[in-house]
Amino acid sequence: MWAYQKRLQYPINIKKKDLRMAKLLTTQYGGSNGELAAALRYLNQRYTMPDNKGKALLTDIGTEELAHIEMISTMVYQLMKDATMEEIKEAGLDPHYAEHNKALYPTNADGVPFTVTYFATTGDPLADISEDMAAEQKARAVYENLIDLTTDPDVIGPLLWLRQREVVHYNRFKELFEYYQKNLKKDSENTNSSNNIMDNISQGLTNINQFLNNFDKEM
């Protein structure tokens, strides 16, 4: 269950229309390295984490990614607000307008619709968290690219904040990965050790039975 606070994580107040930037920003909504993919990735992967530590972290970060979707959506909306038809055509958004008018729709910057093939859930905690670390680094890189493509401080401010959150998330996933790498290895070694003990006991019982059978035959 989530507690919903009716405010953005970072204030957004874009004063200038920029439909070109709106088109580019959409990739962080519905692109392969965007916030929708991140939110669904983490909120799916959390169920097969081996303990509450992993479940809690993936739930926390997945929930924050939902808030980031809200931020990106707000930025795109404000950048397109009051756009004329001529401005829409000039920005190359007329195909989008034909299908969706000015409504938001999850695509990348090229207009390719979102797909769940952007993320994986393997059930292996180390494999999944490795993907999560890579996802955060790729999202950071995309935000840096987007920052390079604008000079509007009202756009740059939220993008810098979102970029920094990707860095924080990467570090939290890295800590969890190292924790599982250490502790899951111990669990595996303990299991193997227990299995070896049982194998030795079983082999010992087999040897005793063979000895007793041979002894009975000799008698």
Side-chain angles (χ1 to χ4, degrees), residues 2 4-45 61-121 131-132 134-166 169:
W2 287 284
Y4 174 42
Q5 297 182 14
K6 296 184 179 181
R7 62 177 177 81
L8 296 174
Q9 277 193 299
Y10 185 96
I12 296 172
N13 185 24
I14 299 171
K15 305 173 190 67
K16 299 177 185 176
K17 281 185 292 185
D18 188 343
L19 276 69
R20 178 191 64 90
M21 197 63 197
K23 181 180 178 182
L24 299 174
L25 270 179
T26 303
T27 198
Q28 282 304 85
Y29 178 22
S32 59
N33 303 311
E35 303 294 355
L36 180 59
L40 293 176
R41 175 187 290 112
Y42 306 150
L43 294 176
N44 275 276
Q45 289 177 353
I61 296 180
T63 301
E64 185 176 343
E65 304 295 7
L66 294 174
H68 294 176
I69 293 172
E70 190 176 34
M71 286 181 62
I72 292 294
S73 299
T74 301
M75 294 178 76
V76 171
Y77 169 77
Q78 290 185 6
L79 287 165
M80 290 186 66
K81 189 177 180 182
D82 301 324
T84 66
M85 193 57 61
E86 289 72 23
E87 290 170 329
I88 289 172
K89 291 177 181 177
E90 185 179 350
L93 285 169
D94 41 325
H96 176 93
Y97 185 90
E99 295 287 344
H100 314 291
N101 199 293
K102 293 181 183 179
L104 276 88
Y105 187 73
T107 70
N108 67 10
D110 294 320
V112 179
F114 176 80
T115 169
V116 293
T117 57
Y118 287 156
F119 64 89
T121 302
E131 183 196 30
D132 301 343
E136 295 295 331
Q137 290 287 39
K138 287 187 282 187
R140 173 196 53 76
V142 172
Y143 278 123
E144 290 171 359
N145 295 340
L146 289 168
I147 290 166
D148 290 339
L149 293 167
T150 183
T151 58
D152 188 341
D154 292 337
V155 175
I156 291 173
L159 292 180
L160 282 171
W161 187 89
L162 287 164
R163 176 212 174 270
Q164 188 59 29
R165 294 309 298 166
E166 307 298 345
H169 292 171

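Nothing here was measured: the structure is a model prediction, and the numbers come from that model.
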Pairs of donor and acceptor atoms involving the side chains of residues 88-103, under 3.5 Å and at least two apart or interchain, shall be tabulated with distances.
from : atom 1 : to   : atom 2 : distance (Å)
H96  : NE2    : A103 : O      : 2.8
K102 : NZ     : A83  : O      : 2.9

Q | Short side-chain to backbone donor-acceptor contact, Q9 and A67, under 3.5 Å | A |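 The answer is no, because no donor-acceptor pair under 3.5 Å joins these two groups.
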Treating E166 as the side-chain partner and A139 as the backbone partner, does any N or O pair qualify as donor plus acceptor under 3.5 Å?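 No.
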Run the salt-bridge test on R140 and E144 with the 4.0 Å N-O cut-off and return the result as yes or no.
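A salt bridge links R140 with E144.
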Worksheet item: Between Q45 and A120, which heavy-atom pair has the shortest distance, and what is it?
Response: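 The pair with the smallest heavy-atom distance is NE2-O, 2.9 Å.
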(message) Listing request: all salt bridge (Lys or Arg N to Asp or Glu O under 4.0 Å) pairs with a residue in residues 63-78, at least two apart in sequence or in separate chains.
(response)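 Those involving residues 63-78 are E64-R165.
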Excluding sequence neighbours, so at least two apart, what forms salt bridge (Lys or Arg N to Asp or Glu O under 4.0 Å) with K17?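 Result, salt bridge (Lys or Arg N to Asp or Glu O under 4.0 Å) vs K17: E87.
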Can you tell me how far the [atom1] atom of [X] sits from the [atom2] atom of [Y], to the nearest 0.5 Å?
X	Y	atom1	atom2	answer
Y42	D132	OH	CG	5.0 Å
I61	H68	CD1	NE2	10.0 Å
E136	R163	CD	CZ	12.0 Å
E131	F119	CD	CZ	8.5 Å

field: Check: L66 and L43 side chains under 4.5 Å, non-hydrogen atoms
entry: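 Side-chain contact under 4.5 Å: yes.
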I'd like a table of donor-acceptor pairs (distance under 3.5 Å, sequence neighbours excluded) in which one partner is a side-chain atom from residues 105-113, with atom names and distances.
from : atom 1 : to   : atom 2 : distance (Å)
N108 : OD1    : D110 : N      : 2.9
N108 : OD1    : G111 : N      : 3.0
N108 : OD1    : V112 : N      : 2.9

Could you pull out every donor-acceptor pair under 3.5 Å between side chains of residues 146-162 and any protein atom, sequence neighbours left out?
from : atom 1 : to   : atom 2 : distance (Å)
T150 : OG1    : D152 : N      : 3.1
D152 : OD1    : D154 : N      : 2.9
D154 : OD1    : K15  : NZ     : 3.4
D154 : OD2    : K15  : NZ     : 3.0

Please list, one pair per line, the donor and acceptor atoms closer than 3.5 Å that link side chains of residues 21-41 to other protein atoms, with sequence neighbours excluded.
from : atom 1 : to   : atom 2 : distance (Å)
T26  : OG1    : A22  : O      : 2.9
E35  : OE2    : Y143 : OH     : 2.5
R41  : NH2    : Y118 : O      : 3.3

